[in-house]
Amino acid sequence: MKITHAVVGRLAMLLLILLFAGCAQVAVLPEKPDFQGDVELQRWPGEVRETSGLARYEGLNWTLNDSGNPASLLAIDDAGGLIKQVFLTGAENIDWEAMAQDEEALYVADCGNNRGKRERFTLYRVSWAALQQAPSGGEVAVTRLQVRLADYQPPENRLHNFDCEGLTVVGNELWLFSKNRGDGQTRLYRLDKHQPEQTVEPVASYPVAGLITGADYNPQTQQLVLLGYSRQRLLGYSFIWLVPVDGLPDWSRALRITLQIYAQWEAVKWLEDGRLLLSCEDSPLLGVSRGIMTPRLANDEL
C-alpha cells in the first residue's frame, strides 16, 4: 500500500481516538434513553467532495457539494457510481447545505451561515422532470424562493444560532432547522413552498444537544429524523433524533440514537423500507462516504 499524507493523517487520528477513548468520557449526553445505530459504509466517487444534502428519486441518489463548488447536482446509483452531473441555470452556490423533495420537485437550500452574516437565504426549486431529462453536463432552470429570518441578530462571534442546515418537506410546507453553535439547540422555521419571498419566525426550539446538519420527514410513519453531531469535535459523537410529528414535532416522545461511527454526517434521507440513507463529508478516518442504517433500540425493539 502506498503511504500518503492522507493515510498518515488518518492513522494518526485513529491513534489519538484510541488513546483518549479509554481515559476520557466522550461527552455529556442529553437526558434521554440511549439507542444504537450501526452504519454500513460505501465510498462515493471523488466528484462528491463535500456532500451536504440528499434526495432519492426513481432509484437514484441525488446529492450536492457545498460552498466553493459548482451550482450542480450529482446523481449516484446504489452501487456508488456517478450517473450524471446537472447544473442549475442562474443559481449560485454560496453555501449549499440541504435538500428536500416532494413528488414534483427538488429543493436546494443555500442556507449555510458559518460566520452568521446572512439574514436572508435562497432556496432553488427544480422539477424532477427536468432533472430526469437533462443529460450529464446539461443545465436545468430553477425557481427561486427568498427567505428572511425575522429573529436574526448580527452575532458577536462564530458561536451563534443563525446557521441552518436541515430542510425537509412536510405537507405543503418546507421545514428549515437551525444549526446552533451557541446553545446546542435547533429552531424550526416553517416556509411556504410556493411563496417567492417570505419572512419567517421560528415556531419552536428543541434541545437536540448538538449541531443539526440534516432533516427528513416520512409522511407514511409521520416521523421526523434529525441528524447531527456534538459540539465536541474531539472525542465527540454523532447522533440522530427520531421525533413523532402531530402538527409539530412531539419532543416529549423524541428518541436519540447514537451512531456507532463518529463523523461529520451532513445529510439524511428516509428509504422506503424504513432504513436511513446518510452522507458524510471527507474526514481523516472515513473519506467521503455514504451510510445506510436501520434505527433500532439496544434490545431491537425500535
Side-chain angles (χ1 to χ4, degrees), residues 44 47-55 62-74 85-101 106-126 140 142-169 174-182 184-189 191 196-200 202 208 210-216 226-229 231 233 263-269 278-283 288:
W44 268 1
E47 290 86 351
V48 185
R49 294 178 293 274
E50 296 179 286
T51 172
S52 293
L54 279 177
W62 289 84
T63 190
L64 50 80
N65 290 307
D66 63 16
S67 60
N69 290 286
S72 67
L73 305 176
L74 301 104
Q85 182 176 14
V86 179
F87 294 84
L88 305 190
T89 304
E92 182 181 6
N93 187 347
I94 297 175
D95 195 357
W96 288 9
E97 288 291 354
M99 300 167 74
Q101 68 183 98
L106 175 66
Y107 301 84
V108 175
D110 191 343
C111 57
N113 197 18
N114 289 338
R115 299 183 182 276
K117 296 182 178 181
R118 304 178 72 183
E119 180 181 4
R120 302 173 188 274
F121 301 138
T122 301
L123 276 63
Y124 299 104
R125 183 182 187 275
V126 53
V140 296
V142 299
T143 301
R144 292 171 179 257
L145 304 177
Q146 303 289 344
V147 178
R148 174 182 171 272
L149 303 184
D151 60 330
Y152 173 81
Q153 297 178 355
E156 296 180 358
N157 53 53
R158 296 190 68 170
L159 296 178
H160 62 85
N161 299 324
F162 294 102
D163 197 356
C164 292
E165 295 193 9
L167 183 75
T168 187
V169 170
L174 286 160
W175 284 13
L176 180 66
F177 291 89
S178 65
K179 178 182 181 181
N180 293 15
R181 293 179 175 83
Q185 300 194 33
T186 188
R187 296 188 309 284
L188 167 59
Y189 300 89
L191 317 179
E197 295 187 13
Q198 51 195 300
T199 298
V200 291
V208 293
L211 306 178
I212 295 302
T213 58
D216 194 36
L226 297 175
L227 170 71
Y229 53 89
R231 288 185 286 175
R233 297 303 297 272
Q264 189 171 335
W265 295 105
E266 287 286 331
V268 61
K269 176 64 186 172
L278 311 171
S279 66
C280 172
E281 285 198 5
D282 195 12
S283 75
V288 176

Legend entry - Side-chain ion pair, R144 and D110, N-O less than 4.0 Å: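 No.
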Legend entry - Check ion pair D151-R187 (N to O, under 4.0 angstrom):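 Yes, charged N to carboxylate O under 4.0 Å.
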Mind listing the closest non-hydrogen atom pair of [X] and [Y] along with its distance?
{"X": "L167", "Y": "A98", "result": "CB-CB, 3.7 Å"}
{"X": "R181", "Y": "N114", "result": "NH2-OD1, 2.9 Å"}
{"X": "C111", "Y": "L176", "result": "SG-CD1, 4.2 Å"}
{"X": "C164", "Y": "E97", "result": "O-CB, 4.0 Å"}
{"X": "Y124", "Y": "W96", "result": "CE1-NE1, 3.9 Å"}
{"X": "S72", "Y": "F87", "result": "CB-CD2, 3.6 Å"}

Side chains of [X] and [Y]: does their closest heavy-atom pair fall under 4.5 Å?
{"X": "L211", "Y": "N180", "result": "no"}
{"X": "V86", "Y": "V126", "result": "no"}
{"X": "L174", "Y": "V169", "result": "yes"}
{"X": "S178", "Y": "I212", "result": "no"}
{"X": "L123", "Y": "L191", "result": "yes"}
{"X": "T122", "Y": "E92", "result": "no"}

What's the separation between atom [atom1] in [X] and atom [atom2] in [Y], rounded to the nearest 0.5 Å?
{"X": "L88", "Y": "R125", "atom1": "CG", "atom2": "CZ", "answer": "13.0 Å"}
{"X": "I94", "Y": "S67", "atom1": "CD1", "atom2": "OG", "answer": "10.0 Å"}
{"X": "Q198", "Y": "Q146", "atom1": "CD", "atom2": "CD", "answer": "10.0 Å"}
{"X": "T213", "Y": "Y229", "atom1": "OG1", "atom2": "OH", "answer": "6.5 Å"}
{"X": "Y107", "Y": "L145", "atom1": "OH", "atom2": "CG", "answer": "7.5 Å"}
{"X": "Y152", "Y": "R120", "atom1": "OH", "atom2": "CZ", "answer": "11.5 Å"}

Inset, instruction - Give me the ring orientation class for F177 and W175: parallel if the planes are under 30° apart, tilted from 30 to 60°, perpendicular past 60°. - result: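 Plane angle over 60°, so perpendicular.
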Between [X] (side chain) and [Y] (backbone), is there a donor-acceptor pair under 3.5 Å?
{"X": "N65", "Y": "E47", "answer": "yes"}
{"X": "H160", "Y": "P155", "answer": "no"}
{"X": "R231", "Y": "G182", "answer": "yes"}
{"X": "T186", "Y": "K179", "answer": "no"}
{"X": "N93", "Y": "D66", "answer": "yes"}

Inset, instruction - For the residue pair T63 and T51, confirm or rule out a side-chain donor-acceptor distance under 3.5 Å. - result: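 Distance-only check passes for T63 and T51.
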Inset, instruction - Count the heavy atoms belonging to other residues, nucleotides or ligands that lie under 6.0 Å from CZ of R115, then report whether that count exceeds 12. - result: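 12 or below, so no.
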